[in-house]
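Let me begin by presenting the structure, written as structure tokens, before commenting on it.
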Amino acid sequence: MTILIDRDQGITSPTLVPGEGDLARDHADLTIGLINNMPDPALKATERQFMKLLQAAAGPRRIRFHCFSLPSVKRSPEAKWHIESEYSDLTELRRHRFDGLIVTGAEPVTPELDQEPYWRDLTELIDWAKVNTRSTIWSCLAAHAAVLHLDRIKRRRLPAKCHGIFDCEAVADDPLTRAAPAPLKVSHSRLNEIAESDLARAGYQVLTRSAKAGVDIFVRQYASRFVFFQGHPEYDALSLQREYLRDIGRYLARERETYPQLPVSYFDAATEEKLNRFEKKASHQCHPALTNELPALNLRTDIAVGSAAAALFRNWLQYLGAEADTSVRARQAKGVGSALGLPMR
């Protein structure tokens, strides 16, 4: 299914397809695919987050947006029905030329990435995207999987989960970070990392990093420009809260052994104090019913969610559109010349 995103068209769900006009445009339409492999509870939220980001970043440009998911990612019956009814089949991806792809991570089910049930599908997608897109974004676990496949760079397990909002600084001059806020406040949520030294040895360029979270964005040029996010700039204000509460629920249901750490620089001081008290109570009274006693949660006022993503995706769309716009202007000039009876060269 194709969703045509226009600046003036509201977005509510992947089934919304705005009507198309035949007006001449100065900017070429862009075709972008989202390969959404996020866990079932985050599936629809991820669709909305990326669609809203693209809509806000597109300006006067129209975007033809296709949703896909790797068929080998394990799904609940409800999520499987949603994908089958709302998404395009992955075989459609190879029948068309895509300007850009966005590939999300998935919840790991094995200790090693190359043992994941979706590994073969994902590596075939990586190889295809190298020569069939202008640029592809690999997000979080997908970034780790891509560099493992491309250059055998293995991610490293962190001593504690990297979870929160981190200040990231630009360390290279690149069009992707042009006019981005300083610092970029980016959500990270991961148990592993790619070391900057490993990336440098393999020829990747780091664009942004955090003193606490490490490498944030890095890139590499193939026929397609590959952009890698270790973080989640697409996250909305409540994404980290939902993950944190999910992990508390899993702890209380004895589905995980350790109590989750507070997200960094996310909740306000009063909320952190309440949550620390709740953790102490949960360690002595571990029971699912205790979730009913969770305190009201308030976020810090300076998290600036979305500011980094707005700049990054605006610049990414400009990169994708530069070649497409040149083709549009050439066709328009040819049409004018033909109408005037001028010889074609």
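Note that this is a predicted model, so its numbers are computed, not measured.
When all heavy atoms of Gly105 and Leu141 are compared, the closest pair comes out as CA-CB, 3.9 Å. Looking at every heavy atom in both residues, Ala309 comes nearest to Pro233 through CB-O, 3.1 Å. For the residue pair Leu70 and Asp121, the shortest heavy atom distance occurs at CD2-CB, 4.0 Å. Closest heavy-atom contact between Gly33 and Phe98: N-CD2, 3.5 Å. Between Leu317 and Leu30, the closest heavy-atom pair is O-CD1, 3.8 Å. What you find for Ala213 and Cys162 is that their closest heavy atoms are CB-SG, 3.8 Å.
Looking only at distances, no side-chain donor or acceptor of Thr271 sits under 3.5 Å from a matching main-chain atom of Phe267. In terms of modelled atom types and a separation under 3.5 Å, the side chain of Arg220 and the main chain of Gln205 share no donor-acceptor contact. In this structure, the side chain of Glu169 does not engage the main chain of Arg209 through any donor-acceptor pair within 3.5 Å. Put simply, the side chain of Asp151 never gets that close to the backbone of Ile153: no donor and acceptor are under 3.5 Å apart. Judged by distance alone, with hydrogens and angles left aside, the side-chain atoms of Thr177 form no donor-acceptor pair with the main-chain N or O of Ala180 at under 3.5 Å. Between the side chain of Asn298 and the backbone N or O of Asp268 there is no donor-acceptor pair closer than 3.5 Å. With hydrogens and angles disregarded, no donor-acceptor distance shorter than 3.5 Å links the side chain of Thr104 to the backbone of Asn36. In this structure, Asn315 contributes its side chain and Pro175 its backbone to a donor-acceptor pair below 3.5 Å. Between the side chain of Tyr266 and the backbone N or O of Gln241, at least one donor-acceptor pair lies under 3.5 Å. Here the side chain of His82 pairs no donor or acceptor atom with the backbone of Glu78 at under 3.5 angstrom.
Atom CE of Met51 sits about 12.5 Å away from atom CD1 of Ile32, to the nearest 0.5 Å. Here the straight-line distance linking atom OG of Ser210 with atom CD1 of Ile217 works out to 12.0 Å at 0.5 Å rounding. Taking CD of Glu196 as the reference point, atom CD of Gln230 lies at 10.0 Å (rounded to 0.5 Å). To the nearest 0.5 Å, atoms CG (Leu101) and OG (Ser135) are separated by 9.0 Å. Within the model, atoms CG of Leu245 and CD of Glu243 stand 10.5 Å from one another, a figure rounded to the nearest 0.5 Å. Going from atom OG of Ser265 over to atom CG of Asp302 covers 7.5 Å, rounded to the nearest 0.5 Å.
By the 30° and 60° cut-offs, the orientation of the rings of Phe313 relative to Trp316 is perpendicular.
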Donor-acceptor contacts under 3.5 Å from residues 285-293 side chains, at least two apart:
unit_1: His287; atom_1: ND1; unit_2: Ala289; atom_2: N; d: 3.0
unit_1: Thr291; atom_1: OG1; unit_2: Pro288; atom_2: O; d: 2.9
unit_1: Asn292; atom_1: ND2; unit_2: Ala289; atom_2: O; d: 3.3
unit_1: Glu293; atom_1: OE1; unit_2: Lys281; atom_2: NZ; d: 2.4

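A salt bridge is defined here as a Lys NZ or Arg NE, NH1 or NH2 lying under 4.0 Å from an Asp or Glu carboxylate O, and Arg155 with Asp198 fails to meet this definition. Under 4.0 Å is where a charged nitrogen must lie from a carboxylate oxygen, and between Arg178 and Asp173 no such pair does.
Partner Tyr87 forms a side chain to side chain donor-acceptor pair (under 3.5 Å) with one of His66, Glu47, Glu92 and no other, that one being Glu47. Looking at Leu299, Val186, Leu240 one by one, the single match for side chain to side chain contact (heavy atoms under 4.5 Å, CB included) with Ile165 turns out to be Leu240.
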Going through the distances and angles, do Asp247 and Arg242 end up as a salt bridge (charged side-chain N to carboxylate O under 4.0 Å, His left out)?
CA-CA 9 Å; Asp247 289 344; Arg242 288 191 291 265; over 6 Å; no
Could you check Ile137 against Phe50 for side chain to side chain contact (heavy atoms under 4.5 Å, CB included), going step by step and ending with a plain yes or no?
CA-CA 12 Å; Ile137 291 174; Phe50 279 114; 6.0 Å; no
Using the salt bridge (charged side-chain N to carboxylate O under 4.0 Å, His left out) rule, take Arg250 and Glu107 through it: C-alpha gap first, then chi angles, then the decisive distance, then the call.
CA-CA 15 Å; Arg250 288 176 175 176; Glu107 191 164 22; 3.2 Å; yes
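Judged purely by distance below 3.5 Å, without hydrogens or angles, the side chains of Ser239 and Glu234 never pair a donor atom with an acceptor atom. Between His188 and Asp216, the side chains place a donor N or O and an acceptor N or O closer than 3.5 Å (distance only, hydrogens not considered). Thr133 and Arg225 share no side-chain donor-acceptor pair at under 3.5 Å.
The 12-atom threshold is exceeded at CD of Glu255, counting heavy atoms of other residues, nucleotides or ligands nearer than 6.0 Å. Within a 6.0 Å radius of NZ in Lys161, other residues, nucleotides and ligands contribute more than 12 heavy atoms. Taking a 6.0 Å sphere around CD of Gln115, one finds it holds more than 12 heavy atoms contributed by other residues, nucleotides or ligands. Counting heavy-atom neighbours within 6.0 Å of Arg120 CZ, excluding the residue itself, gives a total of 12 or less. When the shell of 6.0 Å around CZ of Arg254 is examined, it contains 12 or fewer heavy atoms from other residues, nucleotides or ligands.
Residues in residues 183-194 take part in these salt bridge (charged side-chain N to carboxylate O under 4.0 Å, His left out) pairs, two or more places apart or across chains: Asp167-Lys185. Sorted by first then second residue, the ring-ring contact (aromatic ring centres under 6.0 Å, His included) pairs that include residues 195-218, not counting sequence neighbours, are Tyr204-Phe218, Tyr204-Phe228, Phe218-Phe228.
Taking Thr110 as the reference, Glu116 meet the side chain to side chain donor-acceptor pair (under 3.5 Å) condition, with sequence neighbours excluded. Annotation: side chain to side chain donor-acceptor pair (under 3.5 Å) contacts of Asp114 (sequence neighbours excluded): none. Under the rule for a side chain to side chain donor-acceptor pair (under 3.5 Å), the partners of Asp127 that lie at least two apart in sequence or sit in another chain are His149.
Here Trp138 and Phe226 bring their ring centres to under 6.0 angstrom of each other.
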